[in-house]
Amino acid sequence: MLPTIEWRGEYIRMIDQRKIPAKLEWYICRGYKDVIKAIRVMVIRGAPAIGVAAAMGLALGAKVIRTNSYASFERQFRKMAEEMTRARPTAVNLKWAVDRMGLLVQRMAGVPVDQIKKALLWESEKILAEDIDINRRIGQHGLKLVPKESTILTHCNAGSLATGGYGTALGVIRAAHEAGKKVEVIADETRPWLQGLRLTAFELMQDNIPVTVIADSAAGYLMRQRRIDLVITGADRIAVNGDVANKIGTYQVAVLAKENGIPFYVAAPLSTIDLKIRSGEMIPVEEREGREIYCFGKRQVGPVGVNAFNPAFDITPGKYVKAIITEQGLIRPPYLREIREIFHRK
Ligand code: MRU
């Protein structure tokens with residue numbers, strides 16, 4: 001599998017996910033504004049991946065700040081960090097990565113600016129390497145939930161492309177496959193960006209993991225026919241009460257799973273849990289342009305002038321989530337208590 005994002009000396013390159021599977025093309029970022037644009041227009045997407053991109057973007061931007069004064073460097077860095085945070089609002093991993101880079105700058109107060117720039121670059125590489133390691137650990141913990149033979153439904157793409165590598169929900173599926181379990185995947189196509197059809201199916205086919213794509217609206221039908229054993233999705237932000245923000249359509253999948261007695265799991269790193277957010281209603285949900293709904297690619301398919309509403313994420317109440325699979329193990333209800341405990345131990 002190609003890396004989702006990487007340093008290439010003076011610049012960053014990332015796979016242009018808008019073009020997969022038709023083309024495997026690199027998108028080059030030479031400045032932090034290129035990274036912000038790449039996140040906004042979905043060249044790179046998926047909560048952990050945009051966190052990594054934001055960290056690298058800030059290191060890239062820091063490189064060209066022309067000053068020897070710490071105070072001036074810090075001011076310019078902070079301005080850039082604020083801009084980066086606004087690139088997309090829902091995935092907390094982006095803000096988490098920006099804050100981590102900002103904290104490093106603060107801790108290095110008084111250190112020569114050139115050294116801070118180098119440290120930011122290393123920190124961004126560390127965030128990427130840690131993310132891949134975390135995903136492998138999520139995979140190992142999640143593996144235990146997967147029966148020896150099972151059909152798993154997933155929504156959107158929480159795979160290698162959505163992270164530094166390996167994936168969260170797809171990390172669990174990969175780990176189960178690597179452990180010799182006979183897993184099959186049902187991938188919701190995931191309108192309107194078709195991350196399930198274009199990215200999840202692409203990744204799984206590369207790994208020779210059997211995958212079948214369905215229209216989003218077919219999930220309930222398959223569940224009722226007992227053709228799904230479990231559901232695993234990723235998350236963009238998790239509130240301390242266990243409410244989960246994830247790709248639009250996740251909520252209805254979770255409700256259908258509950259109705260049909262099918263376990264619904266969320267796989268996510270601990271950095272996706274936002275300790276400042278008490279419940280799902282507090283999570284900002286990105287609304288994207290209506291044209292993503294009434295156009296298919298560049299082609300308008302809806303009537304000219306039609307109204308469209310395009311929330312990119314929804315909130316699944318914690319009561320529908322059987323467990324959250326993290327790098328430190330499973331978190332089970334009651335989430336409020338268990339989440340506090342896991343962070344207390346950290
Ligand atoms: O709009 P996207 O493609 O960035 O949405 C991605 C998702 O909703 C993923 O499920 C989530 O970020 C988890 S990725 C490991």
Side-chain angles (χ1 to χ4, degrees), residues 4-5 14-20 38-54 87-97 128 131-132 134-139 142 152-174 185 187-200 202-203 216 231-238 244-254 264-274 280 283-289 292-293 310-316 321 324-327:
T4 312
I5 179 167
M14 42 183 93
I15 296 179
D16 191 337
Q17 299 193 28
R18 299 168 303 178
K19 307 213 167 133
I20 294 178
I39 294 172
R40 280 213 178 110
V41 303
M42 310 275 284
V43 167
I44 189 160
R45 31 65 50 200
I50 62 178
V52 173
R88 283 190 85 187
T90 303
V92 73
N93 309 61
L94 192 148
K95 187 169 183 325
W96 171 88
L128 170 63
D131 186 58
I132 300 171
I134 284 171
N135 293 336
R136 289 199 173 268
R137 283 157 55 201
I138 289 175
I152 306 172
L153 182 129
T154 190
H155 189 75
C156 194
N157 171 266
S160 186
L161 290 161
T163 61
Y166 202 68
T168 55
L170 291 199
V172 174
I173 291 167
R174 284 200 164 97
V185 178
D188 282 347
E189 62 172 346
T190 318
R191 282 271 293 142
W193 272 85
L194 305 177
Q195 290 95 329
L197 169 63
R198 296 186 302 105
L199 310 177
T200 296
F202 172 77
E203 278 194 35
D216 297 330
V231 179
I232 314 179
T233 72
D236 284 83
R237 198 184 297 223
I238 301 174
V244 173
N246 192 49
K247 179 52 54 198
I248 191 76
T250 304
Y251 169 50
Q252 60 208 42
V253 171
F264 177 92
Y265 298 110
V266 169
L270 287 175
S271 58
T272 302
I273 300 177
D274 188 341
I283 299 176
V285 170
E286 177 184 9
E287 282 173 27
R288 297 185 63 90
E289 279 179 53
E292 293 179 357
I293 304 286
N310 185 15
F313 301 95
D314 62 22
I315 311 293
T316 298
V321 182
I324 302 169
I325 312 162
T326 76
E327 67 273 31

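First listed ligand is number 1; within each ligand, the first listed atom is number 1.
Those atoms of ligand 1 that come under 4.0 Å of a heavy atom in Asn246, given as number and element, are 7 (C), 8 (O), 9 (C), 10 (O), 11 (C). Within ligand 1, the atoms closer than 4.0 Å to a non-hydrogen atom of Ala162 are 14 (S), 15 (C), numbered from 1 in the order shown. Of all atoms in ligand 1, listed by their number and element, those nearer than 4.0 Å to a heavy atom of Cys156 are 5 (O), 6 (C), 7 (C), 8 (O). Of all the atoms in ligand 1, the ones that sit under 4.0 Å from a non-hydrogen atom of Asp236 are 7 (C), 8 (O), 9 (C), 11 (C), 12 (O). Proximity to Met42 (heavy-atom distance under 4.0 Å) selects the following atoms of ligand 1: 1 (O), 3 (O). Remark: ligand 1 atoms within the under-4.0 Å shell around heavy atoms of Gln195 are 1 (O), 2 (P), 3 (O).
By the 4.0 Å heavy-atom criterion, Trp193 is excluded from the residues contacting ligand 1. In this structure, Arg88 counts as a contact residue of ligand 1, since one of its heavy atoms falls inside 4.0 Å of the ligand. Remark: distances from the non-hydrogen atoms of Thr233 to ligand 1 are all 4.0 Å or more. By the 4.0 Å heavy-atom criterion, Pro48 is counted among the residues contacting ligand 1.
The shortest N or O to N or O distance between Thr168 and ligand 1 is not below 3.5 Å.
With a 4.5 Å cut-off on side-chain heavy atoms, Arg288 and Pro192 do not count as touching. The shortest distance between side-chain heavy atoms of Gln195 and Met42 falls below 4.5 Å. Here the side chains of Thr190 and Leu197 are not in contact, with every heavy-atom distance at 4.5 Å or above. The closest side-chain heavy-atom distance from Ile152 to Tyr265 is not below 4.5 Å. You'll find the side chain of Ser160 stays beyond 4.5 Å of the side chain of Leu170, heavy atoms only. Within the 4.5 Å cutoff, the side chain of Val43 has heavy atoms near those of the Arg18 side chain.
The one candidate from Ile134, Asn93, Asp236 that meets the side-chain contact (heavy atoms from CB on, under 4.5 Å) condition with Pro48 is Asn93. Here the options are Lys247, Arg88, Arg45, Arg237, the test is salt bridge (charged side-chain N to carboxylate O under 4.0 Å, His left out), and the partner is Glu286; only Arg88 passes.
Only side-chain heavy atoms of Thr163 come within less than 4.0 Å of ligand 1; its backbone N, CA, C and O stay farther off. Residue contacts with ligand 1 for Lys247 involve both N, CA, C or O and side-chain atoms from C-beta outward (heavy atoms, distance under 4.0 Å). Using a 4.0 Å cut-off between heavy atoms, His155 makes no contact with ligand 1 at all. Contacts between Ala158 and ligand 1, counted as non-hydrogen atom pairs separated by less than 4.0 Å, involve both the backbone and the side chain.
For atom 12 (O) of ligand 1, the nearest protein heavy atom (residue, atom name, distance) is Ala47 N, 2.8 Å.
In summary, the side chains of Thr200 and Asn157 do present a donor paired with an acceptor at a separation below 3.5 Å, with no hydrogens or angles considered.
Without hydrogens or angle criteria, Gln17 side chain to Leu161 main chain gives a donor-acceptor distance under 3.5 Å.
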